Amino acid sequence: MDFWKLMDVVHKRQLIMNPMRSTKLDRFIDLLDLPQGGRVLDVGCGKGEFLLRLNKLYAITGIGIDKSPYCVSDCKTNKEARAPDADIEYLVVDAADYKTEERFDLTCCMGASWIYGGIRGTLEALTKMTKPGGLIIAGEPYWLKEPSPEYLKADEMERDTFHTHMENVLMGDEFGLTCGYTLTSDHEDWDYYESLHWWSAADYVDANPDDPDNAEIIKNAKKYREVYLKWARDTLNWGLYIYRKPVYEL
């Protein structure tokens, strides 16, 4: 089954494609205090919700890139419905191959650090595309406690895939960045995000009974329901991290 189709199916009920509820995200956006008309790059932009909310408050312009054609199609539909005159461009691009000489007021990658091999590689890449004095946002899971071998095996990942909250904060220091603020999820955020995946999968199968991918869709939903409820809910959390690039190199 096409991976991006699967992601489209399980996220169908969600505009925000990470475990952070809308009211918390709005408070986070308000704290950014971006310049009016500033330029923003959103790597792994999902359905474009973050850029649209930034545009509403700060009239930003910018670029959203995502490897999923389903997401970019949603981005364009949402923009046309809510901000048709906004100077925001959405591109179907593998961000690992994206090159630009432009430096942005804000660069962000929320939930897609795998593009650059993890949060360390993400901060390195985004720092190069950010203006001096600009901001970088990383959205990244972190360990609440040591994951069990059973959890790692079931989720097909390594212990070093993620880090602790403190390690994520301090990692900015390696690139001359200062982490100025963090916002973390709670069980309400996670339960809303995860359980809607199961609901969306069931919705899709009911509406498309002849799709040959249905068995895989349901199998995937059941697998990650078990992984979440049995291990992830109390082992893994999610954080948004704001880093500032200094005006002058020290």
Side-chain angles (χ1 to χ4, degrees), residues 3 6-29 31 44 46-47 49-50 108-123 136-173 179-205 216-243:
F3 174 77
L6 178 61
M7 291 299 98
D8 179 62
V9 168
V10 300
H11 288 94
K12 188 61 72 176
R13 285 176 169 266
Q14 297 163 309
L15 286 175
I16 301 171
M17 295 178 68
N18 62 61
M20 190 67 70
R21 59 188 177 270
S22 181
T23 53
K24 290 173 70 172
L25 184 63
D26 283 337
R27 184 183 69 185
F28 181 84
I29 289 171
L31 285 169
K47 298 184 181 183
E49 185 65 16
F50 192 63
C108 46
C109 180
M110 296 175 286
S113 67
W114 50 267
I115 292 169
Y116 302 111
I119 186 172
R120 181 174 278 105
T122 297
L123 293 179
I136 296 166
I137 296 174
E140 182 76 356
Y142 64 90
W143 299 121
L144 289 169
K145 64 182 181 181
E146 281 298 310
S148 68
E150 294 80 11
Y151 173 27
L152 295 174
K153 181 179 179 180
D155 212 9
E156 301 176 40
M157 63 178 171
E158 303 294 329
R159 163 62 178 81
D160 293 341
T161 300
F162 303 122
H163 305 273
T164 67
H165 182 55
M166 181 176 180
E167 285 170 338
N168 286 344
V169 169
L170 297 181
M171 206 167 290
D173 295 358
C179 185
Y181 185 76
T182 70
L183 179 64
T184 60
S185 296
D186 56 28
H187 278 152
E188 180 181 349
D189 296 315
W190 271 111
D191 288 347
Y192 180 82
Y193 179 69
E194 292 288 340
S195 59
L196 285 185
H197 292 182
W198 322 328
W199 194 338
S200 296
D203 280 347
Y204 181 85
V205 171
E216 189 168 350
I217 290 169
I218 293 301
K219 179 180 178 181
N220 178 274
K222 288 182 176 179
K223 172 185 175 180
Y224 286 103
R225 180 183 63 185
E226 179 181 11
V227 167
Y228 175 65
L229 295 174
K230 193 170 183 178
W231 296 293
R233 192 173 188 266
D234 297 312
T235 305
L236 192 70
N237 205 14
W238 165 267
L240 292 174
Y241 301 85
I242 302 175
Y243 306 87

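From a predicted model like this one, the values you see are computed outputs, not experimental measurements. Any value given below was found using the heavy atoms of this structure, including those in side chains, with hydrogens, waters and symmetry copies removed.
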The side-chain contact (heavy atoms from CB on, under 4.5 Å) partners of V169 (sequence neighbours excluded) come to H165, C179, T182, Y241

side-chain contact (heavy atoms from CB on, under 4.5 Å) filter on A232, not counting sequence neighbours, yields Y151, Y228

With heavy-atom distances below 4.5 Å as the criterion, would you say the side chains of [X] and [Y] are in contact?
X	Y	result
K12	L196	no
L240	W238	yes
H197	Q14	yes
F3	M7	yes

Enumerate donor-acceptor pairs with a distance under 3.5 Å from any side-chain N or O in residues 136-144 to protein atoms, sequence neighbours excluded.
| from | atom 1 | to | atom 2 | distance (Å) |
| --- | --- | --- | --- | --- |
| E140 | OE1 | S113 | OG | 2.7 |
| E140 | OE2 | S113 | OG | 3.4 |
| Y142 | OH | N237 | ND2 | 2.7 |
| W143 | NE1 | R159 | O | 3.0 |
| W143 | NE1 | F162 | O | 3.2 |

Using 0.5 Å steps for rounding, measure from the [atom1] atom of [X] to the [atom2] atom of [Y].
X	Y	atom1	atom2	result
L229	D234	CG	CG	9.5 Å
I242	F28	CD1	CZ	3.5 Å
I16	E49	CD1	CD	6.0 Å
T164	L170	OG1	CG	8.0 Å
L15	S22	CG	OG	9.0 Å
E167	I119	CD	CD1	10.0 Å

Distance-minimising heavy-atom pair for [X] and [Y]:
X	Y	answer
I29	F50	CG1-CE1, 3.6 Å
P147	T235	CA-CG2, 3.7 Å
I217	A201	CG2-CB, 3.8 Å
M20	T184	CE-C, 4.0 Å
A112	G44	CB-CA, 4.3 Å

Using only atom types and a distance under 3.5 Å, with no angle test, would you say the side chain of K47 pairs donor to acceptor with the backbone of H11? yes

Report yes or no: does H187 contribute a side-chain atom to a donor-acceptor pair with the main-chain N or O of R233 at less than 3.5 Å? yes

For H163, the ring-ring contact (aromatic ring centres under 6.0 Å, His included) test, sequence neighbours excluded, returns none

Applied to residues 147-158, the salt bridge (Lys or Arg N to Asp or Glu O under 4.0 Å) test, sequence neighbours excluded, yields E156-K223

Taken in chain and number order and not counting sequence neighbours, the residues that satisfy side-chain hydrogen bond (donor to acceptor under 3.5 Å, both in side chains) with Y192 are none

In this structure, are over 12 heavy atoms from other groups packed under 6.0 Å from W199 atom CH2?
no

Under 4.0 Å between a side-chain nitrogen and a carboxylate oxygen: does that hold for R21 and D186? yes

